[in-house]
Colleague: 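What follows is a structure written as structure tokens; I'll ask about it next.
Below, chains carry the letters A, B, ... as their sequence lines are ordered, and counting in each starts from 1.
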2 protein chains.
Amino acid sequence: MTAAPDARPITVALVDDYDVVLKGLAHLFDEYRDRVLVAEIDTNRAVSDAVDVVLYDSFAQPESDHHEIDELIANPRARRVVMYTWNFHPELVESARQKGVHGYLSKTLTAPQLVAAIEAVHAGELVFSDQSRRAPSAPGLDWPGRLHGITDRESEILALITQGKSNADVAALTYLSPNTVKSYIRSVYRKIGAASRTQAVLYGVQHGFTPDTHRIDHWMGGP
Amino acid sequence: MTAAPDARPITVALVDDYDVVLKGLAHLFDEYRDRVLVAEIDTNRAVSDAVDVVLYDSFAQPESDHHEIDELIANPRARRVVMYTWNFHPELVESARQKGVHGYLSKTLTAPQLVAAIEAVHAGELVFSDQSRRAPSAPGLDWPGRLHGITDRESEILALITQGKSNADVAALTYLSPNTVKSYIRSVYRKIGAASRTQAVLYGVQHGFTPDTHRIDHWMGGP
DNA sequence: GAGTTTTACACCCCCAGGGGTGTGCCGCCA
DNA sequence: TGGCGGCACACCCCTGGGGGTGTAAAACTC
């Protein structure tokens, strides 16, 4: 299990709405290009290449039922679909399982662990990370505002607010309590110097917290 | 007084933060290029050409004391400074007078009236429009959202909100009652389909309600 | 003339949001 | 070990903002 079942690296497409998130994730595979190759990066675009595995990052997804998973499962170019997320709420895990995902992986996995999990999925296994409580994201991952000292969780909250979501919406989407959302809002406001939601949203618009819409083919000379 | 005192057209610079506002204003002079020539259009930029008259449009200015007037008066390249506005609140008129403006003109003036007023200012007169109550803007003027059915007043309110101002701030800046501001907010939300302030701000960001920052020289072949 | 729209404003009601306080757990570091 | 930061959450208090109702005057349209 330490090498791919065949000699060709596994091709993956990375899917999410935030450029910086996907680029950080893509870089996780830099040292594993003999085993896993990033063929495509899609922000808000359908997967266009035929790939072995689609890795779908759930950062700041605006729909809680993840209808985008349905689309990825139905896409003939996506051989295997894997969810990549912090969120292990039982409803979500079960829903994804029933939609037919081949893997449900934690963003806390280190790069080698992630590569191994992708290989297992590619080999036909169903791989569900065990995750009982929130832990730090794997080193190397990225998210909007990270360089400004904004944590990954705060970043997701601010991204959802910048999409126009109310606190109640954000709570429902993240499976957090409304009180928790308020706490995150307070802490991120302090970090960006916002005195109101509008100011926070304007900051978000100007600093990469709005969804992107483009595709990157041939990431670092990939196929 | 129907022709300029000398044979050279009066050169004017137009100053405001909103591109579409200034372009609409510039077009007012299209048929009067023998008398008034637009030499420069500045959004958030200092006047760089030597001009006869600077026409300073007050649309959605974020500071009520108009410190920008001080800068224009002090600018040696601006021979005469004229305020162009809907707002005839006595405090504002008096403040501008004391700062040394050479004219305080209403946006309700028709193009010929405006040209005549500019000529009078150029000739050395102090020209203050008489304006007791709000009337419709002159035909030909423009503002963000006009094509979407948003009135000039609604447009200014939404522009200020999109700058991150609270209702109280907006009321102070526009010399309106907070109740009036709320009424405008309600009506503009209906027109743009916004259910919250954040949604309205996101609309504003995407539809030209944020301040611009550039200069246009040689408007339509001008000097 | 009647109806509509726009400007300007009042008042009632209420909740979404944000200020504050605090708890508990975990991981990390000096 | 103590302190700090992050995640997750509770509760209190209050106001900014937005839903609603209405008035008045002027301009515009059919």
Side-chain angles (χ1 to χ4, degrees), chain A residues 86-89 106-108 131-139 141 143 145-146 149-158 160-161 164-172 174-201, chain B residues 85-89 106-108 131-139 141 143 145-146 148-158 160-161 164-172 174-201:
Chain A
W86 292 305
N87 201 336
F88 282 74
H89 192 277
S106 169
K107 297 181 84 165
T108 62
Q131 180 75 45
S132 57
R133 196 181 183 281
R134 183 67 187 274
S137 298
L141 288 185
W143 50 85
R146 183 180 61 85
I150 294 175
T151 68
D152 45 17
R153 193 49 129 174
E154 286 165 347
S155 179
E156 185 170 41
I157 302 288
L158 180 55
L160 289 170
I161 286 176
K165 307 297 180 188
S166 65
N167 289 358
D169 290 339
V170 174
T174 54
Y175 291 85
L176 299 175
S177 146
N179 297 305
T180 306
V181 171
K182 283 187 183 180
S183 293
Y184 281 119
I185 285 168
R186 279 194 291 261
S187 75
V188 75
Y189 281 17
R190 273 194 299 271
K191 288 181 180 179
I192 64 177
S196 69
R197 202 175 192 86
T198 300
Q199 287 171 18
V201 166
Chain B
T85 183
W86 293 305
N87 202 336
F88 282 75
H89 192 278
S106 168
K107 297 182 83 164
T108 62
Q131 180 74 48
S132 56
R133 193 181 183 281
R134 183 65 188 273
S137 296
L141 288 184
W143 52 84
R146 183 181 60 86
H148 205 100
I150 294 174
T151 68
D152 45 17
R153 192 51 127 176
E154 285 165 350
S155 179
E156 185 170 42
I157 301 289
L158 180 54
L160 289 170
I161 286 176
K165 307 297 180 188
S166 65
N167 289 358
D169 291 338
V170 173
T174 53
Y175 290 85
L176 298 175
S177 145
N179 298 305
T180 306
V181 170
K182 283 186 181 181
S183 293
Y184 281 119
I185 283 168
R186 278 194 291 261
S187 76
V188 75
Y189 280 16
R190 272 194 300 270
K191 288 180 180 179
I192 65 178
S196 68
R197 202 175 191 83
T198 301
Q199 286 171 19
V201 166

Colleague: Can you see if the side chain of Arg153(A) gets near the phosphate of dA8(D) - specifically, an N or O under 4.0 Å from OP1 or OP2?
Modeller: yes

Colleague: Could you pull out all residues at least two apart from Thr180(B) that satisfy side chain to side chain contact (heavy atoms under 4.5 Å, CB included)?
Modeller: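 Thr180(B): side chain to side chain contact (heavy atoms under 4.5 Å, CB included) contacts with Leu176(B), Ser177(B), Tyr184(B).
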
Colleague: My understanding is that only residues two or more places apart in sequence, or in another chain, count here; which of them pass side chain to side chain contact (heavy atoms under 4.5 Å, CB included) with Ala171(A)?
Modeller: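 Pro178(A), Val181(A).
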
Colleague: Report the residues that fulfil salt bridge (charged side-chain N to carboxylate O under 4.0 Å, His left out) with Arg153(B), sequence neighbours left out, ordered by chain and then residue number.
Modeller: Glu156(B)

Colleague: Under 4.0 Å, heavy atoms only, any strand: does Asp169(A) hit a base, just the sugar-phosphate, or nothing?
Modeller: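 Asp169(A): no heavy atom of the nucleic acid under 4.0 Å.
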
Colleague: Using whole Å, report how far OH of Tyr184(A) lies from P of dA10(D).
Modeller: 13 Å

Colleague: Taking only residues two or more places apart in sequence, or in another chain, which ones meet Arg197(A) in a salt bridge (charged side-chain N to carboxylate O under 4.0 Å, His left out)?
Modeller: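 For Arg197(A), no residue satisfies salt bridge (charged side-chain N to carboxylate O under 4.0 Å, His left out) once neighbours in sequence are set aside.
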
Colleague: Not counting sequence neighbours, which residues clear side chain to side chain contact (heavy atoms under 4.5 Å, CB included) with Thr85(B)? List them please.
Modeller: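 Here the qualifying residues are Ser58(B), Met83(B), Asn87(B), Phe88(B), Tyr104(B).
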
Colleague: Without decimals, in angstroms, what is the distance between Phe88(A) CZ and dA8(D) P?
Modeller: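 These atoms are roughly 13 Å apart.
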
Colleague: Report which part of the nucleic acid Ser177(B) touches: base, sugar-phosphate, or nothing (heavy-atom distance under 4.0 Å, all strands).
Modeller: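 Touches sugar-phosphate only.
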
Colleague: May I have the distance from Gln199(B) (atom CD) to dG19(D) (atom P), rounded to whole angstrom?
Modeller: 11 Å

Colleague: Have a look at Thr180(B) and say if it touches a base, only the backbone sugar-phosphate, or nothing, with a 4.0 Å heavy-atom cut-off.
Modeller: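 Here Thr180(B) touches the bases of the nucleic acid.
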
Colleague: Whole angstrom is fine here: how far is it from CG in Asn87(B) over to C1' in dT7(C)?
Modeller: 13 Å

Colleague: Per the end-axis method with five pairs at each terminus, what is the bend angle of the helix from dG1(C)-dC30(D) to dA30(C)-dT1(D), to 10°?
Modeller: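 The two end axes of the helix from dG1(C)-dC30(D) to dA30(C)-dT1(D) meet at 40°.
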
Colleague: Rounding to a whole Å, what distance do you find between Arg197(A):CZ and dG16(D):C1'?
Modeller: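 Rounded to the whole Å, the gap is 13 Å.
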
Colleague: I'd like to know if the side chain of Lys191(B) reaches the main chain of His148(B), judged simply by a donor and an acceptor atom lying under 3.5 Å from each other, with no hydrogens or angles considered.
Modeller: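 No; judged by distance alone, with no hydrogens or angles, the pair does not exist.
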
Colleague: Look at the side chain of Gln199(B) and the backbone N and O of Ala195(B), then say whether any donor-acceptor pair between them is shorter than 3.5 Å.
Modeller: yes

Colleague: So, is Asn179(B) close to the dA10(C) phosphate, meaning a side-chain N or O under 4.0 Å from OP1 or OP2?
Modeller: yes

Colleague: Can you name the residues that form a side chain to side chain donor-acceptor pair (under 3.5 Å) with Ser196(A), not counting sequence neighbours?
Modeller: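 For Ser196(A), no residue satisfies side chain to side chain donor-acceptor pair (under 3.5 Å) once neighbours in sequence are set aside.
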
Colleague: With a 4.0 Å cut-off on heavy atoms, is Lys191(A) in touch with a base, just the backbone sugar-phosphate, or nothing at all?
Modeller: sugar-phosphate

Colleague: Quick one: side chain to side chain donor-acceptor pair (under 3.5 Å) partners of His89(B), sequence neighbours excluded?
Modeller: none

Colleague: What integer distance in Å separates Ile161(A):CD1 from dG17(C):P?
Modeller: 9 Å

Colleague: Polar atom pairs between nucleotides 19-23 of chain C and protein, under 3.5 Å, N or O only, would you list them?
Modeller:
| residue | atom | partner | partner atom | Å |
| --- | --- | --- | --- | --- |
| dG19(C) | N7 | Arg186(A) | NH1 | 3.1 |
| dG20(C) | O6 | Arg186(A) | NH1 | 3.4 |
| dG20(C) | O6 | Arg186(A) | NH2 | 3.0 |

Colleague: Please report the distance, rounded to the nearest Å, between CG in Leu176(B) and P in dA10(C).
Modeller: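 From Leu176(B) CG to dA10(C) P: 11 Å.
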
